[in-house]
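This one's a predicted model, so the numbers in the text were calculated from it and none came from an experiment.
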Amino acid sequence: MFKFRSITAKFIFMGSIMLAFIAAYITATYIFTHHMEGEAVRINLAGRYVTYVSILMNSLVSQNLSCRMSFQVRCVRRLDKKDVL
């Protein structure tokens, strides 16, 4: 361990270490942010695609259910007409 002759030297040493850590943190953040450029657009497009597919699936399911319901209603109406005749 270093032996300092004054408390001022200790503070200067500790301050320079803290400044080095802060500079390294800022540099790493800048590099990471620069590397991620364009990723937000890709994530946004993927989210839009997932939303589109879920809406499409919902539409298909509701069409299928409404078709089945109308088919059942038509079958019941046909049976009613046959009974009347």
Side-chain angles (χ1 to χ4, degrees):
M1 190 78 190
F2 296 110
K3 291 194 175 190
F4 295 102
R5 294 181 188 217
S6 67
I7 195 163
T8 306
K10 285 182 183 181
F11 285 136
I12 290 173
F13 179 72
M14 288 172 49
S16 62
I17 287 179
M18 288 186 342
L19 187 63
F21 276 119
I22 291 171
Y25 178 74
I26 291 171
T27 304
T29 304
Y30 175 76
I31 290 171
F32 179 72
T33 305
H34 187 68
H35 178 71
M36 289 294 292
E37 188 174 311
E39 293 294 322
V41 174
R42 292 184 192 137
I43 291 170
N44 192 17
L45 289 176
R48 284 184 188 175
Y49 180 74
V50 168
T51 304
Y52 170 73
V53 169
S54 66
I55 290 171
L56 183 64
M57 287 173 48
N58 186 16
S59 173
L60 291 173
V61 167
S62 63
Q63 284 178 0
N64 190 11
L65 289 176
S66 67
C67 182
R68 286 185 180 183
M69 292 298 286
S70 66
F71 178 74
Q72 289 174 352
V73 169
R74 277 186 266 152
C75 290
V76 169
R77 285 183 185 161
R78 286 183 189 158
L79 288 174
D80 288 343
K81 286 180 183 178
K82 286 180 183 177
D83 291 337
V84 171
L85 294 174

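Ring geometry, His34 versus Tyr30: the interplanar angle falls under 30°, so the pair is classed parallel (tilted spans 30 to 60°).
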Donor-acceptor pairs under 3.5 angstrom involving side-chain atoms of residues 8-23: please list them, not counting sequence neighbours.
from	atom 1	to	atom 2	distance (Å)
Ser16	OG	Ile12	O	3.2
Ser16	OG	Phe13	O	2.7

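Take Val50 and apply the side-chain contact (heavy atoms from CB on, under 4.5 Å) test, not counting sequence neighbours, and it matches no residue. Taking the side-chain contact (heavy atoms from CB on, under 4.5 Å) definition, one finds that Arg5 meets it with nothing, sequence neighbours left out. Every residue meeting the side-chain contact (heavy atoms from CB on, under 4.5 Å) condition with Thr29, not counting sequence neighbours, appears here in chain and number order: Tyr25, Thr33.
Apart from Ile55 itself, the hydrophobic cluster it occupies contains nothing, where clustering links Ile, Leu, Val, Met, Phe, Trp and Tyr at side-chain heavy-atom distances under 4.5 Å.
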